[in-house]
Amino acid sequence: MLDPRLLRNNLDNIAALLERRGFKLDKARILSLETRRKELQVQAQELQSERNSRSKSIGKAKAAGEDIQPLLAEVADLGDKLKQQQEALNEVQAELRDITLVIPNIPHDSVPDGKSEDDNREERRWGEPPAFDFEPKDHVDLGEAKGLMDFDAASKLTGSRFVTLQGPLARLQRALAQFMLDTHTDEHGYTETYVPFLVNRDSLRGTGQLPKFEEDLFALKGEHQYYLIPTAEVPVTNLVRDVIIDDKEMPRRWVAQTPCFRSEAGSYGRDTRGIIRQHQFEKIEMVQIVRASDSYDALEALTGHAEAILQKLGLPYRVVTLCTGDIGFSSAKTYDLEVWLPGQGKYREISSCSNFEDFQARRLQARWRNPKTGKPELAHTVNGSGLAVGRTLVAVMENYQDQDGNITVPEVLRPYMGGLEVI
RNA sequence: GGAGAGGUGGCAGAGCGGUUGAAUGCACCGGUCUUGAAAACCGGCGUGGGUUUGUAGCCCACCCAGGGUUCGAAUCCCUGCCUCUCCGCCA
């Protein structure tokens, strides 16, 4: 959510900045609602003020044993007037809130203009795509040939976009997750955290999934309006909802492994083969709650933490800055890490690292107390995948395959695989 | 699942429907005293919003949340959420 005051006072400015990402702000509507809001709110508060002082004098008169009947008569219609005014105000405020809740974040200056992913800016590459002297297979062929990956079984159990893994491949996924968690906690200063996989609507509103992206979520039936988390970002970031963090506790750095559930509405026909796009996948998520002045440094550092995993695994990748047309709703700036997949012969997203500035924090009321002023200030939230485990599994399988369809276990994972060197 | 108790400021803990945004204690910040510290004493100490050029002033709201009764609600009523205790069940 953008600062309502900023929206009010710099409407033209904001509109221009949002236009960069292809969002058209309905300035006229906001302006008229805002004018009306101001008028109604001032009047409503004046009425409240009057009610308060009159009620007070009635109380005094009563205490003094005076006849309060005439006083009561004076305020007879005040309640109704107030109620009407209040209702009108509530309506306008609700309308304004509905509008502001679906306004995306303002892209950072350093974000390149563009319409689609084709306009993203490549920042750097690491590693060389492996040169095979045979035709490399994709992870589906590799996994199915060994009987370690079964899509038919999963679709029997549930439906499309699910998979079952067996034996060493299942263990390889677990190994990857543990390796990532250990690296982030031991080397990058994150605190491991375990969180619910079901969250309520308030949490989803806080991080920006609601109200706009309801169709992307799996919701539970029943008494509670609970949703399966689409990413650990939701429960982990919401840890600081309605919290004023002590300066000594800043910054907060959390890492969590969770399954993620996404309906993938609107992506029918895309990535239908393999486990690139599943309704359920494991992800390691890094979340940082930082001071406003530190968030862009934090974004660089966090992106580096995700890169470190790829480097340790020896997986070639590139880093791109998402352009204004491709950036997520809540994000001010996003780096995508794209790993080389020999099976597809291209780089594919394996991590997304974003600075949300105070966009989420404002919705969350996540603040820290600035010791210089003694006042609470909105924090900045920064997060990124470190990494998407399922896609990392794909990358390891495809990059470490040999002519016979065997997969060499990367050095750093062997301790997690009981010393196994080849699958 | 059954029975009961309760949710008030950072914490503890008062609060007859009226002048209570809220006593008191602790914690915290500033000051006096002291060689220094402690103690003692004095003062300060919530959050959000509106108005405004304004971090000045004024005003509004907030005692779990949402409704309601009333001229007036932390205090009464309803609903929800959460916590605790006991019994039952259970990974």
Side-chain angles (χ1 to χ4, degrees), chain A residues 1-11 13 30-31 33-97 99-101 194-206 210 220 222-227 235 238-250 292-293 358 360-379:
Chain A
M1 194 165 78
L2 300 179
D3 185 352
R5 261 178 281 202
L6 206 62
L7 205 59
R8 211 177 284 161
N9 300 329
N10 293 356
L11 191 57
N13 242 329
I30 292 175
L31 214 57
L33 280 171
E34 181 52 37
T35 310
R36 183 137 175 73
R37 186 231 95 219
K38 185 166 170 173
E39 188 186 329
L40 287 170
Q41 187 163 0
V42 170
Q43 288 171 7
Q45 291 191 353
E46 273 169 7
L47 281 172
Q48 283 177 313
S49 185
E50 187 182 343
R51 179 206 58 195
N52 289 348
S53 61
R54 289 206 183 244
S55 292
K56 226 171 233 186
S57 42
I58 291 174
K60 280 184 190 169
K62 202 178 176 189
E66 295 166 21
D67 179 16
I68 59 170
Q69 275 315 119
L71 289 172
L72 286 181
E74 278 177 43
V75 295
D77 63 330
L78 200 61
D80 285 341
K81 263 163 72 183
L82 188 65
K83 200 166 187 176
Q84 274 179 24
Q85 195 74 22
Q86 201 71 262
E87 274 164 13
L89 175 62
N90 286 346
E91 248 173 68
V92 172
Q93 282 185 322
E95 249 183 282
L96 269 168
R97 198 195 50 237
I99 290 175
T100 53
L101 275 176
Y194 174 82
V195 289
F197 304 155
L198 299 177
V199 293
N200 57 34
R201 293 182 62 87
D202 286 342
S203 293
L204 289 158
R205 198 174 301 115
L210 290 181
L220 261 60
E223 281 184 53
H224 298 286
Q225 280 204 316
Y226 289 163
Y227 294 78
N238 272 277
L239 287 171
V240 294
R241 169 149 53 91
D242 295 320
V243 172
I244 300 175
I245 306 167
D246 193 284
D247 184 58
K248 294 184 193 76
E249 307 279 316
M250 292 286 280
S293 55
D358 62 14
Q360 290 182 328
R362 183 169 294 105
R363 291 171 167 239
L364 292 162
Q365 282 303 299
R367 294 164 291 168
W368 68 290
R369 194 175 296 279
N370 187 337
K372 284 193 181 124
T373 60
K375 292 291 171 198
E377 295 177 13
L378 288 173

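Within every chain, numbering begins at 1; the chains are lettered A, B, ... in the order of the sequence lines, protein sequences first and strands thereafter. None of the values given here were measured: they were computed from a predicted structure.
Only the C1' atoms considered, B:U47 is 13 Å distant from B:C63, to the nearest whole Å. Taking atom C1' in both B:U69 and B:C76, one finds a spacing of 8 Å when rounded to whole Å. Rounded to the nearest Å, the gap between the P atom of B:C59 and that of B:C64 is 25 Å. B:G4 and B:C90 are spaced 24 Å apart, taking the P atom of each and rounding to whole Å. Comparing the same atom, C1', in B:C41 and in B:G46 gives a spacing of 26 Å after rounding to whole Å. B:G48 and B:G9: their C1' atoms are spaced 15 Å apart (whole Å). B:A73 and B:U20 have their P atoms separated by 15 Å, with the value rounded to a whole Å. For the C1' atoms, the distance linking B:A22 with B:A39 amounts to 31 Å, nearest Å.
A:Lys83 and A:Asp80 are not joined by a salt bridge, as no carboxylate oxygen comes within less than 4.0 angstrom of a charged side-chain nitrogen. Ion pair A:Lys38/A:Glu34 not flagged as a salt bridge, since none of the NZ, NE, NH1 or NH2 atoms sits closer than 4.0 Å to an Asp/Glu carboxylate oxygen.
Base-pair partner of B:A56: not found among the strands shown (Watson-Crick or G-U wobble, both distances under 3.5 Å). Partner assigned to B:G46 is B:C62, using Watson-Crick or G-U wobble distances below 3.5 angstrom. Across all strands shown, B:G4 forms a Watson-Crick or G-U wobble pair, both distances under 3.5 Å, with B:C84. With a 3.5 Å ceiling on both atom-pair distances, B:G17 lacks any Watson-Crick or G-U wobble partner. Checking B:A22 for Watson-Crick or G-U wobble geometry (two distances, each under 3.5 Å) identifies no partner in any strand. Within the shown strands, nothing qualifies as a pairing partner of B:U35 under the Watson-Crick or G-U definition with both distances less than 3.5 Å.
With sequence neighbours left out, the salt bridge (charged side-chain N to carboxylate O under 4.0 Å, His left out) criterion links A:Arg363 to no other residue. Not a single salt bridge (charged side-chain N to carboxylate O under 4.0 Å, His left out) links A:Glu46 to another residue, sequence neighbours left out. Listed by chain and residue number, nothing satisfies the salt bridge (charged side-chain N to carboxylate O under 4.0 Å, His left out) test with A:Arg367 (two or more places apart in sequence, or in another chain). Every residue two or more places apart in sequence or in another chain was checked for a side chain to side chain donor-acceptor pair (under 3.5 Å) with A:Ser55, and none qualifies. Under the side chain to side chain donor-acceptor pair (under 3.5 Å) criterion, A:Glu91 pairs with no residue at all, not counting sequence neighbours. Shown here are the side chain to side chain donor-acceptor pair (under 3.5 Å) partners of A:Asn90, two or more places apart in sequence or in another chain: there are none.
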Any N/O pairs under 3.5 Å between the protein and nucleotides 46-49 of chain B? List them or say none.
from  : atom 1 : to       : atom 2 : distance (Å)
B:U47 : OP1    : A:Arg369 : NH1    : 3.0
B:U47 : O3'    : A:Arg367 : NH1    : 2.8
B:G48 : OP1    : A:Arg367 : NH1    : 2.8
B:G49 : O2'    : A:Gln41  : NE2    : 3.3
B:G49 : N2     : A:Gln45  : OE1    : 3.3

For nucleotides 70-75 of chain B, which of its nitrogen or oxygen atoms have a protein nitrogen or oxygen under 3.5 Å away, and what is each distance?
from  : atom 1 : to      : atom 2 : distance (Å)
B:C71 : O2'    : A:Ser55 : OG     : 3.2
B:G72 : O4'    : A:Ser55 : OG     : 2.9

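When the C1' atom of B:C60 is taken as reference, atom CZ of A:Arg37 falls 12 Å away, rounded to whole Å. When rounded to the nearest whole Å, the span between CD of A:Gln43 and C1' of B:U51 equals 14 Å. Nucleotide B:U55 holds its C1' atom 12 Å from the CD atom of A:Glu377, rounded to whole Å. Nucleotide B:A61 holds its P atom 13 Å from the CG atom of A:Leu89, rounded to whole Å. A:Asp202 has its CG atom 17 Å from the P atom of B:C64, to the nearest Å. Between A:Lys38 atom NZ and B:C60 atom P there is a gap of 19 Å when expressed in whole angstrom units.
The aromatic rings of A:Tyr226 and A:His224 lie parallel to each other, with less than 30° between the two planes, well short of the 60° mark.
Between A:Ala63 and A:Ser49, the one whose closest nucleotide on RNA chain B sits nearer the 5' end is A:Ala63. Of the two residues near RNA chain B, A:Lys60 and A:Asn9, the one whose nearest nucleotide lies more 5' is A:Lys60.
In this model, the phosphate group of B:C81 is not approached by any side-chain N or O of A:Asn200 to a distance below 4.0 Å at OP1 or OP2.
Looking only at distances, a side-chain donor or acceptor of A:Thr35 sits under 3.5 Å from a matching main-chain atom of A:Leu31.
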For residues 368-379 of chain A, run the donor-acceptor check on the side chains, cut-off 3.5 Å, and write out each pair with its distance to 0.1 Å, sequence neighbours left out.
from     : atom 1 : to       : atom 2 : distance (Å)
A:Arg369 : NH1    : A:Gly374 : O      : 2.9
A:Asn370 : OD1    : A:Lys372 : N      : 2.9
A:Asn370 : ND2    : A:Glu377 : OE2    : 2.6
A:Thr373 : OG1    : A:Lys375 : N      : 3.1

